[in-house]
Amino acid sequence: MSEAEVLEAVRGDTATEADIRLTTKFAHWSYEAEERVFCQLDDPKIIQDKGMYFLPFDYGFNLREVILGPKYQPVTDATLKEKLEAAVAEMVPCTVRSTRPAFRSFNVVFQQNKKLSKEI
């Protein structure tokens, strides 16, 4: 699905050149392979929780990987943790990977030691 098609599906109208420019990523960060989507926050499909807005995974979106950053703190609320685990389990195939700061550089790398990997 092209960027224009995604915007059209979410917003219900034809994407303009400005819309496409807003969803285009600088080539230097193209390795991240992310896509940006803008939508109306008052759309009934949007989920609002504690001042944050979420777009459900539909319209051709598939969550393929969750990367837990070095500052990620595991969820302590049992109910929320159960909901998160169930949501990730529904999105097959979806992997969860943990990261840490590199030892000899200013990079973030994937945690290789499974005993030190974080969980949702």
Side-chain angles (χ1 to χ4, degrees):
M1 184 177 274
S2 72
E3 292 175 15
E5 290 170 324
V6 170
L7 284 167
E8 186 173 344
V10 172
R11 300 176 79 198
D13 61 8
T14 304
T16 65
E17 186 176 335
D19 290 328
I20 294 169
R21 285 185 184 186
L22 286 172
T23 60
T24 301
K25 189 172 198 167
F26 180 57
H28 180 74
W29 294 297
S30 63
Y31 68 92
E32 291 180 352
E34 78 177 30
E35 292 193 30
R36 300 174 184 186
V37 175
F38 293 83
C39 54
Q40 299 295 324
L41 296 181
D42 59 355
D43 186 315
K45 298 177 212 124
I46 301 298
I47 301 166
Q48 183 179 359
D49 182 44
K50 299 176 187 169
M52 295 182 286
Y53 298 86
F54 302 93
L55 180 64
F57 283 97
D58 52 12
Y59 305 108
F61 290 105
N62 293 310
L63 184 63
R64 297 186 335 195
E65 184 176 42
V66 176
I67 299 173
L68 305 175
K71 293 185 177 184
Y72 172 76
Q73 295 297 314
V75 175
T76 56
D77 180 271
T79 304
L80 180 57
K81 182 174 181 168
E82 191 175 296
K83 287 180 180 179
L84 283 170
E85 288 172 343
V88 170
E90 282 181 24
M91 298 178 196
V92 176
C94 180
T95 58
V96 178
R97 298 176 74 183
S98 183
T99 63
R100 64 166 177 77
F103 297 129
R104 295 187 178 101
S105 68
F106 292 102
N107 294 319
V108 173
V109 298
F110 288 109
Q111 178 58 265
Q112 301 298 318
N113 186 336
K114 297 296 180 194
K115 292 179 183 177
L116 298 176
S117 289
K118 298 176 183 176
E119 295 182 3
I120 293 179

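As the structure is a prediction and not an experimental result, all values here were calculated from the model.
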(request) Have a look at V66 and tell me which of V96, L84, T95 forms a side-chain contact (heavy atoms from CB on, under 4.5 Å) with it. (result) V96

(message) Does E82, at its CD atom, have more than 12 non-hydrogen atoms belonging to other residues, nucleotides or ligands within less than 6.0 Å?
(response) no

(request) Kindly give the heavy-atom pair with the smallest separation between V109 and A102, and that separation in Å. (result) CG1-CB, 3.9 Å

(request) Could you tell me which residues satisfy side-chain hydrogen bond (donor to acceptor under 3.5 Å, both in side chains) with N113, sequence neighbours excluded, listed by chain and number? (result) none

(message) Within this structure, what is the NZ-CD distance for the pair K50 and Q48, rounded to the nearest 0.5 Å?
(response) 12.5 Å

(message) So, using salt bridge (Lys or Arg N to Asp or Glu O under 4.0 Å) as the criterion, who are the partners of R64 when residues are at least two apart?
(response) none

(request) State whether the side chain of K118 and the backbone N or O of Y72 hold a donor-acceptor pair below 3.5 Å, judged by distance alone. (result) yes

(request) To the nearest 0.5 Å, tell me how far K81 NZ sits from K83 NZ. (result) 15.5 Å

(request) Run through the side-chain heavy atoms of Ile, Leu, Val, Met, Phe, Trp and Tyr, join any pair under 4.5 Å, and report what else lands in L116's cluster. (result) none

(request) Taking salt bridge (Lys or Arg N to Asp or Glu O under 4.0 Å) as the test, write out the residues that go with E119, two or more places apart. (result) none

(request) Only counting residues at least two apart or in another chain, list the ones meeting side-chain hydrogen bond (donor to acceptor under 3.5 Å, both in side chains) with T79. (result) none

(message) Who clusters with I47? Use side-chain heavy atoms, under 4.5 angstrom, across I, L, V, M, F, W and Y, and order the result by chain and number.
(response) M52, F54

(message) Tell me if a side-chain donor or acceptor on T99 pairs with a main-chain N or O of L68 at a distance below 3.5 Å.
(response) yes

